J.: 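Right, I'll just put the structure down here and ask away after.
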Amino acid sequence: MTDNIPTFAIIGHPNEGKSSVLSTLAEDDSVRISPIPGETTEIQAFPVVIDGREVIRFIDTPGFQNPRQTLEWMQHYQGADDHLIPTFIAAHQSDPTFYDDCQLLTPIAEGAGVIFVVDGSRPVRNVDRMEMEILRLTGAPRMAVINSKGDDSVYLPDWRADFRKHFNAIRIFNSRQANYAQRIELLQSLQSIDQHLEPVLKKVISTFQTDWQGRNQRTAELILELLKTTLGYRTTAVCRQQSSEDSLKQKLVRDYMAYVSKQEKTTHKAIRSLYKHNIFNLDLPQHSILQEDLFSEKTWEFLGLTNNQLILAATIGGATIGAGIDLAAAGVSFGVFSAIGGLLGAAGTLFKGKDLIDNFHLLGLKFGGESVQIGPAKNIQLMFILLDRSLLFYSHIINWAHGRRDYDQEMLLKQQDRSKEGFTSGWSNDDRKLCAQYFKALRDQDNDDLQRAATRLHQILVRQLEQIARQ
Ligand SMILES: Nc1nc2c(ncn2[C@@H]2O[C@H](COP(=O)(O)OP(=O)(O)O)[C@@H](O)[C@H]2O)c(=O)[nH]1
Ligand SMILES: [Mg+2]
């Protein structure tokens with residue numbers, strides 16, 4: 001511990017995943033991760049700052065360069081225990097072949113705890129045992145972390161057996177898949193490696209937890225703001241002589257959709273940076289429904305509510321909701337919702353005048369003399385689709401460990417399952433009813449009702465976000 005900020009050096013053999021583990025633990029995607037062993041040659045501190053205050057610090061180190069000679073030197077050392085590392089460094093710092101070893105031992109000399117990272121999918125070698133023994137001799141509080149790069153788990157018992165002799169705690173931590181809960185668990189087990197660390201790590205953990213709750217609260221707010229600005233959005237255009245009414249309407253619909261899409265993008269970007277993904281272009285998995293445009297047919301087919309759920313939400317939430325009326329008029333079997341999905345899917349390219357105009361009213365299009373108004377949205381499905389897409393986006397973001405720089409198969413499969421349906425179709429009738437009340441209040445511009453519904457919807461969203469984070 002330096003200046004009472006718990007500090008941990010991430011140590012291990014080159015290319016075992018040290019930097020990946022650090023990146024995920026510190027939620028820092030600026031950490032250099034490289035397939036080439038020996039890229040990291042300098043120690044580098046990565047502070048975790050919450051509310052402007054540094055709460056914990058992780059130090060990235062180069063891998064051991066000369067474990068054999070280092071261990072031999074240490075085994076022959078005769079001086080006082082607490083002088084072991086400073087004496088080693090003093091004796092080797094002018095020797096370039098020991099540069100990395102001196103570097104990685106420096107934070108330990110300054111009081112840092114040790115997180116030793118190994119790739120548990122390969123067998124234990126002699127050199128690993130030497131490195132473990134060096135760390136034991138330093139006397140630093142230390143934990144072993146198994147970050148398996150491959151699927152092979154046959155070597156895990158061997159690793160554990162060796163670790164038990166050399167470390168105060170052992171944890172499996174997959175730097176590419178670890179989520180928030182697993183990060184907390186790792187911090188919790190760090191408490192056990194040294195009694196002195198316990199109180200200060202307790203504080204760090206509770207700061208992490210409060211911070212996470214705050215982010216979920218903020219995410220729910222952002223989603224609500226998105227709903228309010230998009231569903232309540234209205235715009236008017238005046239029909240001029242030379243432009244035909246049809247083309248004016250088409251333009252309005254296009255502008256409307258562009259507006260909603262842009263708002264959604266802005267919101268998702270804000271959510272993304274809340275979870276500190278700033279640098280890497282975190283691509284969504286190839287098969288994710290989120291790859292689809294907001295107004296595409298597929299999106300409307302796979303997300304949002306089923307027809308029956310929609311009718312129910314609309315009728316229990318206030319019979320005057322447009323969606324209910326439109327459904328009744330069009331007939332359920334006709335599937336007006338898939339109709340609008342299809343229509344909007346063709347946005348920009350395949351607009352067919354008649355279809356478009358027939359469905360205009362679903363977006364709240366009104367004609368009044370020379371002017372045409374579009375919005376507020378009349379089809380409550382838009383609300384559920386926006387909700388589902390934001391929740392799915394959140395789920396991708398929080399499951400994207402910072403140490404991971406691409407998508408792996410296992411993750412893809414998991415996401416695929418989840419993306420078949422959105423979240424809102426699994427919500428309770430009461431929750432969906434509340435959405436309908438919110439939607440109605442927005443349309444009626446009833447601010448009191450809107451405020452009441454928004455407060456409750458915020459609670460529902462936070463609960464949903466927390467549930468996604470626990471999955
Ligand atoms: N498949 C897989 N690759 C990993 C994992 N952790 C790290 N890697 C890769 O292994 C290489 C070395 O990782 P890095 O974190 O830079 O290792 P360091 O040299 O110990 O800091 C990089 O190409 C990483 O992408 C993992 O859990 N699974
Ligand atoms: Mg590294």
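Note that the coordinates shown come from a computational prediction; the quantities given were computed from them, not determined experimentally. Order of listing sets the numbers, starting from 1, for every ligand and every atom in it.
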J.: Hey, is CZ on R160 packed in by over 12 heavy atoms from elsewhere, all under 6.0 Å?
T.: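 12 or below, so no.
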J.: Nearest 0.5 Å please: distance from the CZ atom of R456 over to the NZ atom of K433.
T.: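 Rounded to the nearest 0.5 Å, the CZ-NZ separation comes out at 8.0 Å.
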J.: Using a strict cut-off of 4.0 Å, indicate which atoms of ligand 1 neighbour a heavy atom of K18.
T.: 15 (O), 17 (O), 18 (P), 19 (O), 20 (O), 21 (O)
J.: At under 4.0 Å between heavy atoms, is it the side chain or the backbone of D60 that contacts ligand 1, or both, or neither?
T.: neither
J.: Is it true that K165 and E133 make a salt bridge, defined as a side-chain N closer than 4.0 Å to a carboxylate O?
T.: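 Looking at E133 together with K165, the answer is no, because their closest N to O distance does not fall below 4.0 Å.
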J.: Give me the ring orientation class for F393 and H268: parallel if the planes are under 30° apart, tilted from 30 to 60°, perpendicular past 60°.
T.: parallel
J.: Are Y275 and T219 close enough that a side-chain donor and a side-chain acceptor fall under 3.5 Å?
T.: yes
J.: Number the atoms of ligand 1 from 1 as they appear, then name those within less than 4.0 Å of a heavy atom of S20, with their elements.
T.: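 Once the distances to S20 are compared, the set is 6 (N), 7 (C), 13 (O), 14 (P), 15 (O).
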J.: State whether T61 contributes an N/O/S atom found under 2.8 Å from the Mg ion (ligand 2).
T.: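 Of the N, O and S atoms in T61, none lies under 2.8 Å from the Mg ion (ligand 2), which means no.
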J.: How does N147 reach ligand 1, by side chain, by backbone, by both or by neither, if only non-hydrogen atoms under 4.0 Å count?
T.: side chain
J.: Does ligand 1 have any atom that is closer than 4.0 Å to a heavy atom of G63?
T.: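 G63: no contact with ligand 1 (<4.0 Å).
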J.: I want to know if ligand 1 touches G17 in the polar sense, i.e. an N/O pair below 3.5 angstrom.
T.: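 Yes - when backbone and side-chain N and O of G17 are compared with those of ligand 1, one distance drops under 3.5 Å.
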J.: Pick, from I10, L22, N15, the option with the minimum heavy-atom distance to atom 19 (O) of ligand 1.
T.: N15
J.: Taking atom types as modelled and ignoring hydrogens, do the side chains of D430 and S428 form a donor-acceptor contact shorter than 3.5 angstrom?
T.: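 No.
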J.: Using a strict cut-off of 4.0 Å, indicate which atoms of ligand 1 neighbour a heavy atom of N174.
T.: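 Those atoms are 27 (O).
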J.: Verify the neighbour count for atom NZ of K228: are there more than 12 heavy atoms of other residues, nucleotides or ligands below 6.0 Å?
T.: no
J.: Can you tell me if S148 has a non-hydrogen atom under 4.0 Å from ligand 1?
T.: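 For ligand 1, residue contact (heavy atoms, under 4.0 Å) with S148 is present.
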J.: Numbering the atoms of ligand 1 from 1, which are under 4.0 Å from a heavy atom of S175?
T.: 6 (N), 27 (O)
J.: Will you find, in the side chains of T299 and S296, an N or O donor that is under 3.5 Å from an N or O acceptor?
T.: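 Distance-only check passes for T299 and S296.
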